[in-house]
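Quick note: residue numbers are just sequence positions, from 1.
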Amino acid sequence: MLDIQDLHVRFRSAPAGKEAVKGISLHMNAGEILGLVGESGSGKTVTAMALAGLLSNAKVELSGHIFFEGLDLLRASRETVRSMRGKDIAVVFQEPMTSMDPVMRIGPQVEEALLVHTDLGPEERRARALQAMADAELPDPETVYRKYPHELSGGMLQRAMVAAAIISAPKLLICDEPTTALDVTIQEGILNLLKKINRELGVTILLITHQMQVVQRICNKVAVMENGRIDACGTHEALLKSSDIYREVYDSQNKTGGEDNG
């Protein structure tokens with residue numbers, strides 16, 4: 001489904017030759033949950049933004065290939081990439097409060113992808129939004145639909161973001177640190193939700209995190225980033241044996257209860 005080949009990303013404001021992503025290659029099969037792990041500044045989020053077409057061409061230089069179902073996103077037109085974003089490729093960000101419009105009710109924000117990518121009328125969009133919120137296990141979707149972001153807890157807001165991401169049945173869901181700002185109990189609920197979406201809706205998931213316990217919990221495969229490069233890729237068990245970086249961070253987080261924010 002997703003095949004990244006020799007991807008380079010350099011911000012034009014950076015010194016000559018300094019790259020945020022340094023020639024990474026990565027492959028994902030349909031139906032997988034792949035964890036992309038690494039410390040802050042390792043290039044995880046920049047990679048995700050490149051996949052989702054969220055990097056401005058005026059600010060960055062990109063080279064290499066990002067094949068999504070055979071289409072090279074780096075060589076596709078802006079219109080093509082824009083038409084896929086939110087429809088075929090959706091993103092859930094770390095901080096839902098800053099990602100959602102504080103003066104808009106939850107329902108219209110969940111519906112936004114349908115407004116952009118479909119010709120559905122208001123009632124059909126509303127029905128789809130309520131179903132997506134139910135799929136995201138939000139209690140009483142009818143009530144949540146009418147609420148504003150500040151009226152929801154962090155966990156409920158994150159579920160609303162997931163609902164907005166899955167409403168158009170994307171093929172690839174990119175989750176950028178979706179549990180970092182949540183307490184342990186709520187984290188567990190979000191991880192269970194992602195597993196359910198993967199299993200029942202068939203959505204392929206790229207999960208960006210610094211928390212090794214999260215990777216161990218739900219990912220089929222893990223890629224370790226360090227300093228803009230992929231250091232290793234494999235299963236959690238294999239990387240504990242083969243990757244010094246992965247093993248050191250995993251052991252460190254186990255000793256500190258997994259609270260290292262990297």
Side-chain angles (χ1 to χ4, degrees), residues 1-4 26-37 44 47-54 66-73 76 80-94 96 99 109-120 124-139 141 155 158-179 187-209 214-223 233-236:
M1 165 185 268
L2 181 68
D3 192 20
I4 303 172
L26 191 63
H27 179 79
M28 284 187 73
N29 295 316
E32 283 185 332
I33 302 179
L34 186 145
L36 186 60
V37 304
K44 307 186 305 295
T47 298
M49 293 179 72
L51 297 182
L54 293 173
I66 301 175
F67 291 104
F68 179 74
E69 296 196 319
L71 175 68
D72 191 345
L73 299 180
T80 297
V81 174
R82 191 179 299 117
S83 72
M84 297 174 67
R85 188 167 58 240
K87 179 176 179 288
D88 298 305
I89 302 173
V91 184
V92 175
F93 294 103
Q94 177 179 346
S99 300
Q109 297 195 63
V110 172
E111 295 175 9
E112 189 170 358
L114 298 181
L115 193 62
V116 173
H117 297 293
T118 76
D119 296 322
L120 296 177
E124 293 173 297
R125 292 198 304 270
R126 184 176 185 278
R128 289 272 293 271
L130 292 174
Q131 182 59 56
M133 287 191 282
D135 289 341
E137 298 180 348
L138 275 162
Q158 196 62 285
R159 289 178 184 274
M161 287 290 293
V162 171
I166 66 174
I167 193 169
S168 59
K171 298 171 182 177
L172 175 65
L173 180 63
I174 300 171
C175 298
D176 189 0
E177 302 275 9
T179 63
Q187 281 186 22
E188 185 72 9
I190 296 296
L191 294 179
N192 287 337
L193 173 60
L194 293 178
K195 286 187 69 175
K196 172 189 167 185
I197 289 169
N198 171 256
R199 181 180 65 251
E200 297 183 7
L201 303 182
V203 178
T204 303
I205 298 175
L206 176 63
L207 177 63
I208 297 169
T209 183
V214 169
V215 167
Q216 182 181 12
R217 175 83 170 74
I218 71 168
C219 294
N220 310 114
K221 191 166 64 176
V222 192
C233 187
T235 64
H236 167 74

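- Annotation: side chain of Ile89 is in contact with side chain of Leu73 (closest heavy-atom distance under 4.5 Å).
- Just one residue in the list Leu207, Thr204, Ile208 forms a side chain to side chain contact (heavy atoms under 4.5 Å, CB included) with Ile174, and that residue is Ile208.
- Here the side chains of Thr47 and Leu206 are not in contact, with every heavy-atom distance at 4.5 Å or above.
- Distance check, rounded to the nearest 0.5 Å: NZ of Lys195 to CG of Asn192 gives 7.0 Å.
- For Lys196, the salt bridge (Lys or Arg N to Asp or Glu O under 4.0 Å) criterion is met by Glu137, not counting sequence neighbours.
- Annotation: side chain of His27 is in contact with side chain of Asn29 (closest heavy-atom distance under 4.5 Å).
- One distance of note links CD of Glu177 with CG of Leu36; it measures 9.5 Å at 0.5 Å rounding.
- Glu111 contributes no side-chain N or O that, together with a main-chain N or O of Ala129, makes up a donor-acceptor pair within less than 3.5 Å.
- A donor-acceptor pair under 3.5 Å links the side-chain atoms of Gln158 to the main chain of Pro178, judged by distance alone.
- Asn198 places a side-chain N or O within donor-acceptor distance of the main-chain N or O of Val203, the cut-off being under 3.5 Å.
- Annotation: side chain of Leu194 is not in contact with side chain of Ile33 (no heavy-atom distance under 4.5 Å).
- Scanning all heavy atoms of the two residues, the minimum distance from Ala113 to Ile167 falls at CB-CG2, 4.1 Å.
- The shortest distance between side-chain heavy atoms of Arg217 and Val214 does not fall below 4.5 Å.
- Remark: the backbone N or O of Ile66 is paired with a side-chain donor or acceptor of Asp72 at under 3.5 angstrom.
- Looking at Lys221, its side chain never comes within 3.5 Å of a backbone N or O of Met28 through a donor-acceptor pair.
- For the pair Thr209 (side chain) and Gly35 (backbone), a donor-acceptor distance under 3.5 Å is absent.
- A distance of 7.0 Å separates CD1 in Ile166 from CG in Leu193, rounded to the nearest 0.5 Å.
- Side-chain contact check for Thr118 versus Glu124: every heavy-atom pair is 4.5 Å or farther apart.
- Between Leu54 and Arg85, some side-chain heavy-atom pair lies under the 4.5 Å cut-off.
- At least one side-chain heavy atom of Thr80 sits less than 4.5 Å from a side-chain heavy atom of Leu71.
- Partners of Arg128 under the salt bridge (Lys or Arg N to Asp or Glu O under 4.0 Å) rule, at least two apart in sequence or in another chain, do not exist in this structure.
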